[in-house]
Amino acid sequence: MSQEEAKPEKAPKGEPPPKSEKQDQDSAHPDDGASEGDKTEDADQSPEERQPAWAARRDLIDHAPDFIGSLVFRDQLGVTGGHVAGDVNFNLSHQSFGPGPRSVSGGQVPGENIQQVAAVFRSCPSFHTALDRLRDNHIVVLKGSRGTGRRSAALMLLHRLGVRSIRSFDPGTAPAALPDALQDSPGFLLHDLSTSRSRPLLEAHVLGMREKLRHHGGLFVITVDTSAVLGDIPYVVWEPPPVEDVLCAHVTALVGSEAWERLRLLTSVVEFLARTHQPGETKRFAEQLAAHHRGELDEAELADFAQSALADRVSGWLTAPEKEGGDELRDKAFLIALAVFDKAPYAIAAELGDSLFVELQMTANPHKPPVIPIFGSSTASRLEFAHAVGSTQDEVTEWGPVSQYRAEFQDKQTARVLLHEIWTVHPSARTAVVRWIRQLATDGRPLVRTRAAAATALLAQADLPSAMAHLIEPWAGGRSYNGWLTAANALSMARLLHVPGVSRILHAWCIGDHPSRRWTAIRVYGLLGPLQPEKALDALLDTVRLENDEEEEAGQLAEATQLLLLAAHEPVLPRLAPLARDDQAPHDDALHNHALCAFDLACRESEEGTERPLVLKWFADARSSPGNREDELVAGLWRAGLRDRAHTDSARETLQQWVRVAEHDSYTEQALTPLLAVLAETDADRQRIDHLLRTARNSDGSPMRVAHRLRAAVAAHS
């Protein structure tokens with residue numbers, strides 16, 4: 001990566017940075033620079049027209065694939081399953097969407113199924129934790145990844161507490177319908193409860209179920225996927241027993257304990273146990289071991305099965321010979337697309353797999369027009385070929401959850417292994433893959449753009465220099481805002497994958513002279529701030545201190561600090577608030593303006609699915625927590641913004657929006673009342689607040705009743 005030799009001219013406010021001489025040269029070589037769509041799609045998009053930073057961050061969280069490590073990724077960005085990191089609370093408990101309670105379908109679990117599981121099941125720490133919670137509370141939610149034995153664990157939780165008759169509910173059962181369905185059985189199981197932002201499992205549901213269960217002594221186990229929307233519901237994270245325990249249980253059940261003691265010493269068994277396996281794969285290997293013990297399988301065949309089943313499968317997919325007129329190349333394109341869109345709607349993987357098929361045909365035979373069969377293989381046959389499964393689930397869209405048929409590999413490592421293989425072992429496919437990923441980055445769907453960045457992160461993990469040259473640098477160095485954002489997302493996920501060199505790239509870009517690369521690095525610092533919030537804030541403030549009067553870049557820095565503040569406000573707020581004080585010595589105008597801009601942007605964001613301001617919740621929570629000074633910090637930033645001539649109009653507009661929310665939300669009114677009273681510190685402050693409330697209007701221009709109550713409260717406090 002080379003630095004620009006000369007600093008480019010500054011662009012007028014609201015316009016993209018001008019092309020450097022190197023960028024002009026790059027644009028003449030499509031393979032080395034941004035795609036045509038990147039150059040033209042939104043080259044003239046002004047900052048006001050771009051997607052807000054917090055909304056773009058939500059898209060990244062919503063659509064990042066599992067192979068990036070969604071639990072770790074979400075936690076680093078401020079949101080974790082089962083709890084809220086950095087007090088970013090996405091609580092939907094007050095919302096009610098969709099149809100009401102409906103009838104619940106289900107049936108009794110056959111007793112022989114329970115006995116089969118009991119014969120081979122092994123306990124583990126998470127099982128004992130769940131068992132204690134079920135015994136005490138009559139209900140437990142078990143959260144974990146698919147294929148890790150959650151259903152078996154749920155059956156055994158009930159079995160260990162003496163339940164012999166278990167009724168299993170349909171996974172699509174509405175949570176609101178469950179309390180009325182808990183009768184006529186001592187034990188209940190709901191495996192893979194389907195939740196979404198529009199249909200979460202709420203505390204009210206759990207309390208209602210617990211009351212019913214205690215009344216007749218019943219027990220209920222619910223299992224959910226790692227992406228389940230649970231709000232504040234407590235749950236137990238399911239971690240399956242060690243692979244060796246599971247393998248021992250299955251082999252012992254098949255051939256006895258003495259045979260196991262001999263078989264466990266085999267090299268193939270030692271190598272198998274050295275890797276991570278799901279219980280289902282472990283069970284299949286146990287069957288192979290039993291066959292070897294009976295003389296039906298030699299040791300070489302056993303070793304082949306244990307060592308490289310997945311790697312061999314992927315290699316076989318990509319190296320299979322292609323027949324004239326056959327669908328082999330199209331099948332390979334679908335496999336690569338599914339690796340990018342694993343656990344995404346099948347239709348997207350199929351549609352964009354055909355787009356990749358076109359690119360591969362052009363590489364294989366550039367003189368022959370590409371052809372796509374309109375009606376080809378069936379969905380079932382494609383999924384069977386890919387060792388994948390399909391299921392109907394809610395998919396997050398900008399219009400809310402939509403029911404989609406999703407496809408996912410049975411082995412969760414397939415996507416990573418396949419992308420690594422295509423990038424490092426089959427370089428002839430790179431040109432087509434690069435063109436295709438660039439197309440994905442310009443797609444109008446957030447899911448598609450996010451997956452383009454995620455795939456690029458995995459390619460960077462396999463070969464960073466090539467991924468930088470072909471994808472990340474052209475995006476970051478182009479004129480497309482979406483390109484910059486995709487580059488930032490790709491580098492963020494590459495950093496979470498611990499790709500060496502990313503930190504050095506970010507530092508060089510942040511202090512360099514290339515405007516769009518600097519924007520990219522700044523956005524990454526904002527996204528990854530919760531990893532090391534104080535260091536991220538230091539990096540952003542150091543950039544603010546650089547002599548640069550470009551208003552657009554100042555806005556970019558403010559957006560990055562906004563992301564950092566919202567995702568990790570506990571360590572960031574105490575550092576940011578003093579920068580806005582007029583009595584701070586020495587006074588730095590740039591830092592003062594930066595702090596107020598970032599705070600104002602943060603004040604415009606609300607809790608997920610609601611209109612309740614996030615920053616107002618911090619203030620309310622701090623007032624109810626002795627020793628917490630965050631309410632003083634929030635109030636101090638508000639005073640500084642309202643008193644500053646350059647920021648007062650924006651602050652008043654944001655505060656009026658909070659008043660409009662309070663008009664129809666009692667929680668917001670209760671939290672806003674003491675804040676306004678605290679802000680009315682001087683006569684000028686009181687006049688300013690009074691004028692704001694007197695002139696506050698609903699969207700239709702009518703006066704607001706809440707404004708009268710708020711004025712009275714402020715006057716009483718004075």
Side-chain angles (χ1 to χ4, degrees), residues 7-8 10-17 45-48 50-57 60 77-78 476 481 484-485 487-489 491-492 495 503 505-569 571-573 575-580 584 587-605 615 637 640-641 644 646-647 650-651 654:
K7 186 173 181 178
K10 297 177 181 178
K13 181 182 178 181
E15 295 186 9
Q45 190 177 20
S46 68
E48 292 78 10
R50 299 171 187 165
Q51 186 182 29
W54 189 247
R57 171 189 175 278
L60 180 59
L77 292 183
Y481 168 75
W484 307 341
L485 185 59
N489 289 344
L491 287 172
S492 296
R495 175 66 179 81
S503 296
I505 292 169
L506 295 176
H507 178 72
W509 285 10
C510 199
I511 64 175
D513 293 332
H514 197 295
S516 59
R517 287 183 180 177
R518 189 162 57 246
W519 183 98
T520 300
I522 289 169
R523 173 58 63 89
V524 176
Y525 278 122
L527 287 171
L528 294 181
L531 280 169
Q532 295 178 308
E534 294 185 353
K535 289 185 178 180
L537 183 60
D538 286 339
L540 292 171
L541 296 181
D542 286 344
T543 307
V544 172
R545 291 186 182 97
L546 295 176
E547 293 185 5
N548 194 334
D549 59 357
E550 287 192 22
E551 293 186 34
E552 183 173 349
E553 182 168 321
Q556 296 160 8
L557 285 163
E559 283 187 345
T561 302
Q562 171 211 15
L563 294 177
L564 184 59
L565 177 61
L566 289 172
H569 80 271
V572 175
L573 187 61
R575 293 276 310 279
L576 202 64
L579 300 178
Q584 188 74 8
H587 184 71
D588 189 314
D589 289 338
L591 293 180
H592 175 87
N593 289 328
H594 175 76
L596 292 181
C597 285
F599 180 72
D600 182 63
L601 289 173
C603 288
R604 300 178 191 179
E605 299 301 335
V615 175
L637 282 162
D644 191 295
H647 297 273
S650 179
T654 302

Straight-line distance of Asn593 CG to His647 NE2, nearest 0.5 Å: 4.0 Å

Which atom of Trp509 lies closest to which atom of Leu491, heavy atoms considered: CZ3-CD1, 3.8 Å

Shortest non-hydrogen separation from Cys603 to Thr654 and the atoms involved: CB-CG2, 3.7 Å

Side chains of Val615 and Leu565 in contact at under 4.5 Å (non-hydrogen atoms): no

Spacing of Thr543 atom OG1 and Arg518 atom CZ [to the nearest 0.5 Å]: 8.5 Å

Smallest separation among heavy atoms of Ser503 and Arg495, with atom names: OG-NE, 3.4 Å

Nearest non-hydrogen partners of Leu557 and His594, listed with the distance: O-CE1, 3.3 Å

Contact summary for Ala558 and Cys597, nearest pair of heavy atoms: CB-CB, 3.8 Å

Gap between atom OG1 of Thr561 and atom CG of Leu566 - 0.5 Å precision: 11.0 Å

Partner set under salt bridge (charged side-chain N to carboxylate O under 4.0 Å, His left out) for Arg604, not counting sequence neighbours: Asp600

Heavy-atom side-chain contact between Asp588 and Val544 under 4.5 Å: no

Side chains of residues 533-540: which donor-acceptor pairs under 3.5 Å do they make with residues two or more places apart or in other chains?
residue, atom, partner, partner atom, Å
Asp538, OD1, Arg575, NH2, 2.5

Check: Trp519 and His514 side chains under 4.5 Å, non-hydrogen atoms: no

Leu564 side, atom CG; Leu528 side, atom CG - distance, nearest 0.5 Å: 10.5 Å

For Ile522 against Cys510, the heavy-atom pair lying closest together: CG1-SG, 4.2 Å

Rounded distance (nearest 0.5 Å) linking atom CG of Leu601 with atom CG of Leu596: 11.0 Å

Euclidean distance, Thr520 OG1 relative to Tyr525 OH, rounded to 0.5 Å: 12.5 Å

Arg523 and Leu485, any side-chain heavy atoms less than 4.5 Å apart: yes

